[in-house]
Amino acid sequence: MKMRINKYLAKAGIGSRRGVEKFIVEGKVSINGKVVTDLSRDIQENDRVFLNGKEVQVREDFIYYKINKPAGYTTTVKDPFAERVILDLIKEKRRIFPVGRLDNDSGGRLLLTNDGDLTYRLTHPKHHMSKTYRVRVKGAPSDAQIKKLEQGILMDGYKTKECVIKRIKDEQSETSFEVILWEGRNRQIRKLFDSINHPVVFLKRIKIGEVLLGNLKEGQYEELSTEELEYLRGI
């Protein structure tokens with residue numbers, strides 16, 4: 001076995017590849033008794049790897065959940081400033097973490113796992129994982145305004161990638177859309193519609209790639225099916 005140190009720690013369930021890199025550069029990881037800060041270091045067959053003095057090993061007992069996140073829950077493992085975090089809803093003794101994020105005011109489809117390698121592949125921009133949302137906004141944006149958002153706008157100094165926005169229903173004071181993104185900036189959809197003065201009043205993620213929310217009620221979760229897991233691993 002030969003494996004890059006960050007991939008090894010991710011497979012051990014410590015976190016995503018990018019997430020564990022801070023442990024390495026901070027000198028918290030050692031191999032065979034020697035501290036390692038080089039992110040390019042490879043792990044060999046008989047190496048022993050330690051994090052904060054505790055040995056870590058690649059695990060195969062991975063778990064994969066999908067949950068219908070209610071609004072009001074923070075997408076994090078721990079947050080001393082959050083009233084409620086997503087793991088408050090999970091009855092699981094093994095350490096797991098959310099894949100990506102969904103802002104506190106939004107609900108819908110979220111994945112949780114202890115497979116750091118899969119987390120890395122699903123969240124890395126190069127894999128172009130689509131995320132589909134049901135959105136309701138105040139007022140009735142014009143087709144020209146929606147086209148502008150689809151083509152990308154400047155947000156926090158960078159232009160957003162192209163997206164797809166489908167008008168679903170026009171009501172008296174609100175309009176519903178389906179929005180498909182291929183990137184995940186913080187509160188991106190809310191900022192998009194804020195830029196045309198039609199603030200979001202409801203936002204729910206209904207699909208990640210081709211994995212649907214299904215019939216899960218708010219706060220409910222279940223393990224991914226074999227078909228869903230095979231699909232995600234093939235991305």
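In what follows, residues are counted from 1 in the order of the sequence shown.
- Gln151 approaches Lys159 most closely through the heavy-atom pair O-CE, 3.5 Å.
- Residues forming a salt bridge (charged side-chain N to carboxylate O under 4.0 Å, His left out) with Arg187 (at least two apart in sequence, or on another chain): Asp103, Asp105.
- Within the structure, ring pair (Phe, Tyr, Trp, His ring centres under 6.0 Å) pairs that include any residue of residues 148-179 comprise Phe177-Phe193 (at least two apart or interchain).
- With hydrophobic clusters built from ILVMFWY side chains whose heavy atoms lie under 4.5 angstrom apart, Met129 does not share a cluster with Ile180.
- The neighbour count for Arg48 CZ, taken as heavy atoms of other residues, nucleotides or ligands under 6.0 Å away, does not exceed 12.
- The backbone N or O of Thr119 lies less than 3.5 Å from a partner atom in the side chain of Thr123, making a donor-acceptor pair.
- At distances below 3.5 Å, not a single donor-acceptor pair connects side-chain atoms of Gln44 with backbone N or O atoms of Asn46.
- Minimum heavy-atom separation, Val85 to Val77: CG2-O, 3.8 Å.
- In terms of modelled atom types and a separation under 3.5 Å, the side chain of Asp117 and the main chain of Ala10 share no donor-acceptor contact.
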Can I get a per-line list of side-chain donor-acceptor pairs under 3.5 Å for residues 210-224, giving both atom names and the distance, sequence neighbours left out?
{"unit_1": "Gln220", "atom_1": "OE1", "unit_2": "Lys217", "atom_2": "N", "d": "2.9"}
{"unit_1": "Tyr221", "atom_1": "OH", "unit_2": "Lys91", "atom_2": "N", "d": "2.9"}
{"unit_1": "Glu222", "atom_1": "OE2", "unit_2": "Lys66", "atom_2": "NZ", "d": "3.3"}

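- Between Glu178 and Arg134, some side-chain heavy-atom pair lies under the 4.5 Å cut-off.
- Partners of Tyr133 by side-chain hydrogen bond (donor to acceptor under 3.5 Å, both in side chains), not counting sequence neighbours, listed by chain and number: Arg205.
- Using a 4.5 Å cut-off on side-chain heavy atoms (C-beta onward), Leu229 and Leu118 make contact.
- Of the N and O atoms on the side chains of Tyr64 and Glu228, not one donor lies less than 3.5 Å from an acceptor on the other residue.
- Open room surrounds NZ on Lys148; 12 or fewer heavy atoms of other groups in view lie less than 6.0 Å from it.
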For residues 169-176, please give each side-chain donor-acceptor pair under 3.5 Å, one per line with the distance, not counting sequence neighbours.
{"unit_1": "Asp170", "atom_1": "OD1", "unit_2": "Arg167", "atom_2": "NH1", "d": "3.3"}
{"unit_1": "Glu174", "atom_1": "OE1", "unit_2": "Arg136", "atom_2": "NE", "d": "2.9"}
{"unit_1": "Thr175", "atom_1": "OG1", "unit_2": "Gly139", "atom_2": "O", "d": "2.6"}

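- Each of Ile5, Val29, Asn6, Leu51 was checked for a side-chain contact (heavy atoms from CB on, under 4.5 Å) with Val20, and the lone residue meeting it is Asn6.
- Applying the side-chain hydrogen bond (donor to acceptor under 3.5 Å, both in side chains) test to Asn186 and every residue at least two apart in sequence or in another chain returns nothing.
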